[in-house]
Amino acid sequence: MKRKAEDSHGAKPVPFWAMGLLKTMKDPKYILNSDNQITIIKDMYPKARHHFLVLPNTDIGSLKTLTKDHVPLLQHMIKFGQNYVEEHHQSVAFKFGYHAEASMFRLHLHIISEDMDSLALKTKKHWNSFTTEFFLNPQQIITDLRENGQVQLPTKEKCKEYMDMPLKCHKCELKPKNMPELKRHLLTHLV
DNA sequence: GTTCTAGAAC
DNA sequence: GTTCTAGAAC
């Protein structure tokens with residue numbers, strides 16, 4: 001019998017790259033602002049002209065480990081992000097949200113400008129992670145915690161369904177046949 | 001998460 | 001023949 005990529009307890013090993021955010025949030029080159037609770041950084045591979053991440057300074061792995069006690073922190077993360085973009089990018093429209101399944105360790109709130117104009121935006125998965133229900137409303141996360149004490153996450157199957165959805169423009173009804181067509185089309189929505 | 005690339009799609 | 005995507009990465 002061949003051994004799978006699991007340790008003796010059956011837990012999946014965390015790949016080294018999944019720890020990347022912990023390093024990035026300590027790198028002055030990427031840090032935009034911080035306080036004693038949270039840090040806001042530039043995403044290393046921005047999927048739009050402006051793409052930031054707000055992370056708690058304490059060791060919160062993901063949405064799965066959140067409890068009611070985290071509600072004030074989560075509210076602070078949103079407010080901190082709002083203040084940052086209002087001060088530095090006043091005329092730019094942003095979306096705030098969490099990925100239902102994050103690849104990178106350490107909870108992170110995405111703040112991404114609505115242009116989606118970026119060389120690093122390459123795949124259907126990239127696109128659907130910001131434009132389908134895979135992208136979770138941060139206020140809904142807080143509501144879940146208040147009402148249920150935990151976050152209501154879509155199942156693994158639902159997440160795969162969102163990732164596999166056909167491409168659709170987030171600003172109009174166009175359904176491009178592939179990524180290059182989508183990216184060309186996005187330019188027509190730029191101001 | 002990204003990079004790389006085989007083979008599918010065109 | 002070229003473009004494009006999906007899956008492996010020891």
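In what follows, every chain begins at residue 1, and chains take the letters A, B, ... in the order their sequences are listed.
Taking the six-membered ring where tryptophan is involved, the planes of A:H99 and A:H110 are tilted, since the angle between them lies from 30° to 60°. Ring pair A:F94/A:H50 is tilted by interplanar angle, where 30° to 60° counts as tilted.
Using a 4.0 Å heavy-atom distance criterion, A:H108 is classed as making no nucleic acid contact. Within 4.0 Å (heavy atoms only), A:K47 reaches sugar-phosphate atoms of the nucleic acid but no base atom. Heavy atoms of A:P15 sit nowhere under 4.0 angstrom from any nucleic acid atom. Residue contacts for A:M44: at a heavy-atom cut-off of 4.0 Å it reaches no nucleic acid atom on any strand shown.
For the pair A:Y30 OH and B:dG1 C1', the interatomic distance rounds to 13 Å; values are reported in whole Å. Residue A:F16 contributes atom CZ, which lies 12 Å from atom P of B:dT3 at whole-angstrom precision. Note: CG (A:N128) to P (B:dG1) measures 12 Å, nearest angstrom. Atoms NZ (A:K125) and C1' (B:dT2) sit 11 Å apart, rounded to a whole Å. To the nearest angstrom, P of C:dA6 lies 16 Å from NZ of A:K122. In this structure, CG of A:N178 is placed 13 Å from C1' of C:dT2, rounded to the nearest angstrom. Distance, A:M25 CE to B:dG1 P: 18 Å, rounded to whole Å. Distance CG (A:L167) to P (C:dC4): 12 Å, rounded to an integer number of Å.
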Represent DNA chain B in dot-bracket notation, 5' to 3'. Only Watson-Crick or G-U wobble pairs with both distances under 3.5 Å count; pseudoknot-style crossings use [ ] and interstrand partners use |.
-> .|||||||||
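Of the side-chain N and O atoms in A:K177, none sit less than 4.0 angstrom from OP1 or OP2 of C:dC4. One finds a side-chain N or O of A:H126 lying less than 4.0 angstrom from the OP1 or OP2 phosphate oxygen of B:dT2.
In this structure a side-chain-to-backbone donor-acceptor pair under 3.5 Å is present from A:D115 to A:R49.
Using a 4.5 Å cut-off on side-chain heavy atoms (C-beta onward), A:F96 and A:Q139 make no contact.
The line from OG of A:S62 to CE of A:M104 is 13.5 Å long, rounded to the nearest 0.5 Å.
For the 3.5 Å distance criterion, the side chains of A:S34 and A:N57 fail to qualify, holding no donor opposite an acceptor.
Between A:E161 and A:K158, at least one side-chain nitrogen of the basic residue sits less than 4.0 Å from a carboxylate oxygen of the acidic one, meeting the salt-bridge criterion.
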